[in-house]
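Okay, so here's the structure we're looking at.
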Amino acid sequence: MTGVQEKISTITVAPSAGYIGAEIGGVDLREDLTSDVVELIRDALHRYKVIFFRDQQIGHREQIVFARRFGKVTPAHPHEENPPEGFPEILPIDSRRYEQTLGRKRTSYDHSWHTDVTALVNPPAASILRADILPPYGGDTAWTNLEAAYEGLPQQLRDFVDTLYVKHQFTTRAAVGSQRERKVAEANLVTYHPAVRVHPDTGKRSLFVSPGFTRGAAEIRGFSPDVSRRLLELLWAEATRTEYTVRFRWAPGSVAFWDNRSTAHLAISDAAHLDHDRVLYRVTLEGEVPTGVDGRRSESVSGAAFLGS
Ligand code: SIN
């Protein structure tokens, strides 16, 4: 056995739930990973959609180096103005900040099902989230498998949904006149994405619809606001059926790596009242412009592509 084979044979991939999620053991994210290990992780990501690592002793620098093995790393977020010094790629998800900027306690920036930054014409391909400070209990995150959600639809509904284009836009609950509100208004991210997107690496179709960025406009191209909302409510419910989900209990040093093309996620809102800090750090990989079943690509209404390096 070569050194690489030995290393691969000590890595474990343990599925976490019936449709989504797997925990990877035997990988130390501080190490310079061989291309075989990177391929194993990439394959697991495509297969399980979200993969988890536990007890990782890494900081911002190592998280960025790990992310770069899988693609270009974007700046923290189109609206982020205060990333940690020296690390413009890191988005802090920090309950202490929300209390300051939003004036109320919350443990994540969004407590609805969403896929990261789909108001962009090229939403991130993947996100990597590392936990640092956590409440003693609560504050879990859930993910749902949007490929399974698509496959679970009856064929006639799939054929119909394949033809739809949905408006995604960034809205904010930030205080009127706040710096955050101004930044969101300036960037004004609005895009029509196909309701069903074809994965560029696997060719699989996913139901690319979740409430986070689509409920503000609630617009399906060609349909009235009322019909759009009713159709979207049906699709959101299908996308987030409990059986397609996995729920992850964080501990300091846990890392979740998800395919942002085929999943949505939910920061569960059950910990703000515990009055405990919750701090995680996220990086995102540059994504491509999604393609629908008919081969058409998403159309930007407003806002620039979000590019990494
Ligand atoms: C995110 O939506 O990227 C963060 C999820 C979380 O806070 O659990």
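Please read all numbers here as calculations on a predicted model, not as lab measurements. The first residue of the sequence shown is numbered 1, and numbering continues consecutively from there.
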Distance-only criterion, 3.5 Å: show the donor-acceptor pairs between side-chain atoms of residues 222-232 and protein atoms not counting sequence neighbours.
residue	atom	partner	partner atom	Å
Ser224	OG	Val227	N	3.1
Asp226	OD2	Arg230	NH2	2.8
Ser228	OG	Ile220	N	3.0
Ser228	OG	Phe223	O	3.4
Ser228	OG	Ser224	O	2.8
Arg229	NH1	Glu233	OE2	3.4
Arg229	NH2	Arg215	O	3.0

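- Contact record, Asp259 with Thr263: O-OG1, 2.6 Å, taken as the closest heavy-atom pair.
- At least one side-chain heavy atom of Arg96 sits under 4.5 Å from a side-chain heavy atom of Val279.
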Between Arg69 and Asp32, does a side chain to side chain contact (heavy atoms under 4.5 Å, CB included) hold up when you go through it step by step?
CA-CA 10 Å; Arg69 298 302 305 273; Asp32 186 12; 3.6 Å; yes

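- Within 6.0 Å of CD on Gln155 lie more than 12 heavy atoms contributed by other residues, nucleotides or ligands.
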Yes or no on side chain to side chain contact (heavy atoms under 4.5 Å, CB included) for Leu307 and Lys72, after CA distance, side-chain angles and deciding distance?
CA-CA 8 Å; Leu307 304 176; Lys72 290 185 178 170; over 6 Å; no

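- At a threshold of 4.5 Å between non-hydrogen side-chain atoms, the residues His77 and Arg282 count as touching.
- The number of heavy atoms from other shown groups lying within 6.0 Å of CZ (Arg249) is above 12.
- For the pair Asn145 (side chain) and Tyr19 (backbone), a donor-acceptor distance under 3.5 Å is present.
- For the pair Leu134 and Pro252, the minimum side-chain heavy-atom distance is below 4.5 Å.
- The CG atom of Leu33 sits 8.0 Å away from atom CD1 of Ile11, with the distance rounded to the nearest 0.5 Å.
- No donor-acceptor pair under 3.5 Å is formed between the side chain of Ser269 and the backbone N or O of Ala272.
- The heavy-atom pair separating Ala239 from Ala149 by the smallest distance is CA-CB, 3.8 Å.
- Here the side chain of Asn122 pairs a donor or acceptor atom with the backbone of Phe306 at under 3.5 angstrom.
- Contact of the Val246 side chain with the Tyr48 side chain is not registered, since no non-hydrogen atoms from C-beta on lie closer than 4.5 Å.
- Across Arg247, Arg278, Arg106, a single residue satisfies salt bridge (Lys or Arg N to Asp or Glu O under 4.0 Å) together with Asp270, and that is Arg247.
- With Thr107 contributing its side chain and Ser95 its backbone, the two residues share no donor-acceptor pair below 3.5 Å.
- Pro136 places a side-chain heavy atom less than 4.5 Å from the side chain of His276.
- Looking at His193, its side chain does come within 3.5 Å of a backbone N or O of Thr118 through a donor-acceptor pair.
- Using the six-membered ring where Trp is involved, Phe257 and Phe70 have ring planes that are perpendicular, over 60° apart on the 30 and 60° scheme.
- Distance check: Ile20 CD1 to Ser262 OG gives 7.0 Å after rounding to the nearest 0.5 Å.
- Transitive grouping of hydrophobic side chains (ILVMFWY, heavy atoms separated by less than 4.5 Å) brings Ile64 and Val38 into a common cluster.
- Rounding to the nearest 0.5 Å gives a distance of 11.5 Å between NZ of Lys49 and OG1 of Thr144.
- Rounded to the nearest 0.5 angstrom, Ile51 CD1 and Leu45 CG are separated by 5.0 Å.
- A salt bridge links Glu299 to Arg221: at least one charged side-chain nitrogen sits closer than 4.0 Å to a carboxylate oxygen.
- Aromatic ring pairs are classed by plane angle as parallel below 30°, tilted from 30° to 60° and perpendicular above 60°; the pair Phe248 and Trp250 is perpendicular.
- Counting only N and O atoms by type, the side chains of Tyr244 and Glu147 include no donor and acceptor under 3.5 Å apart.
- Ile128 and Val65 are members of different hydrophobic clusters when ILVMFWY side chains are connected at heavy-atom separations under 4.5 Å.
- Checked by atom type and distance alone, the side chain of Thr74 pairs as donor or acceptor with a backbone atom of Thr284 at under 3.5 Å.
- In Arg42, the CZ atom is crowded: over 12 heavy atoms of neighbouring residues, nucleotides or ligands sit closer than 6.0 Å.
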Evaluate the ring pair (Phe, Tyr, Trp, His ring centres under 6.0 Å) criterion for residues Tyr109 and His79: first the C-alpha distance (whole Å), next the side-chain angles of each, then the deciding distance (0.1 Å), finally the verdict.
CA-CA 12 Å; Tyr109 64 91; His79 303 139; over 10 Å; no

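- In this structure a side-chain-to-backbone donor-acceptor pair under 3.5 Å is present from Glu62 to Gly59.
- Smallest separation of non-hydrogen atoms from Val283 and Glu89: CG1-O, 3.6 Å.
- Using cut-offs of 30° and 60° for the angle between ring planes, the His265 and Trp143 rings count as tilted.
- Without hydrogens or angle criteria, Ser254 side chain to Ala131 main chain gives no donor-acceptor distance under 3.5 Å.
- Listed here is the closest heavy atom pair of Thr240 and Thr245: O-CG2, 4.2 Å.
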Report the C-alpha separation of Asp294 and Tyr165 in whole Å, then their side-chain angles, then the decisive distance to 0.1 Å, and conclude whether the side chain to side chain contact (heavy atoms under 4.5 Å, CB included) test is met.
CA-CA 11 Å; Asp294 58 6; Tyr165 279 74; 2.9 Å; yes

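- Here the side chain of Gln56 pairs a donor or acceptor atom with the backbone of Arg54 at under 3.5 angstrom.
- Taken together through direct or relayed side-chain contacts under 4.5 Å among Ile, Leu, Val, Met, Phe, Trp and Tyr, Trp113 and Phe213 form parts of separate hydrophobic clusters.
- Listed here is the closest heavy atom pair of Leu207 and Leu235: CD2-O, 3.9 Å.
- At a threshold of 4.0 Å, the pair Arg261-Glu288 counts as salt-bridged, since one of the basic side-chain nitrogens sits closer than that to a carboxylate oxygen.
- The two atoms that bring Asn260 and Pro124 nearest to each other are ND2-O, 2.9 Å, heavy atoms only.
- Cluster note: Val121 groups with Val289 through ILVMFWY side-chain heavy atoms spaced under 4.5 Å, whether in direct contact or through intervening members.
- Looking only at side-chain heavy atoms (C-beta outward), Leu285 and Val73 come within less than 4.5 Å of each other.
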Can you check side chain to side chain contact (heavy atoms under 4.5 Å, CB included) on Asp43 and Val13, steps first, answer last?
CA-CA 11 Å; Asp43 287 350; Val13 181; over 6 Å; no

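- Taking hydrophobic clusters as Ile, Leu, Val, Met, Phe, Trp and Tyr residues chained together by side-chain heavy-atom distances below 4.5 Å, Ile268 does not share a cluster with Trp258.
- Distance NE2/His114 to CH2/Trp236: 14.5 Å, rounded to 0.5 Å.
- Of the possible donor and acceptor atoms, none in the side chain of Asn188 sits under 3.5 Å from a partner among the backbone N and O of Ser302.
- Inter-residue side-chain proximity for Arg130 and His60 is flagged as met; some heavy-atom pair is nearer than 4.5 Å.
- Under the 4.5 Å side-chain heavy-atom criterion for Ile, Leu, Val, Met, Phe, Trp and Tyr, Val166 and Leu120 are members of distinct hydrophobic clusters.
- Between Asp162 and the options Arg197, Arg205, Arg296, a salt bridge (Lys or Arg N to Asp or Glu O under 4.0 Å) holds for only Arg205.
- For the atom pair CG (Asp110) and CG (Asp116), the distance works out to 9.0 Å, reported to the nearest 0.5 Å.
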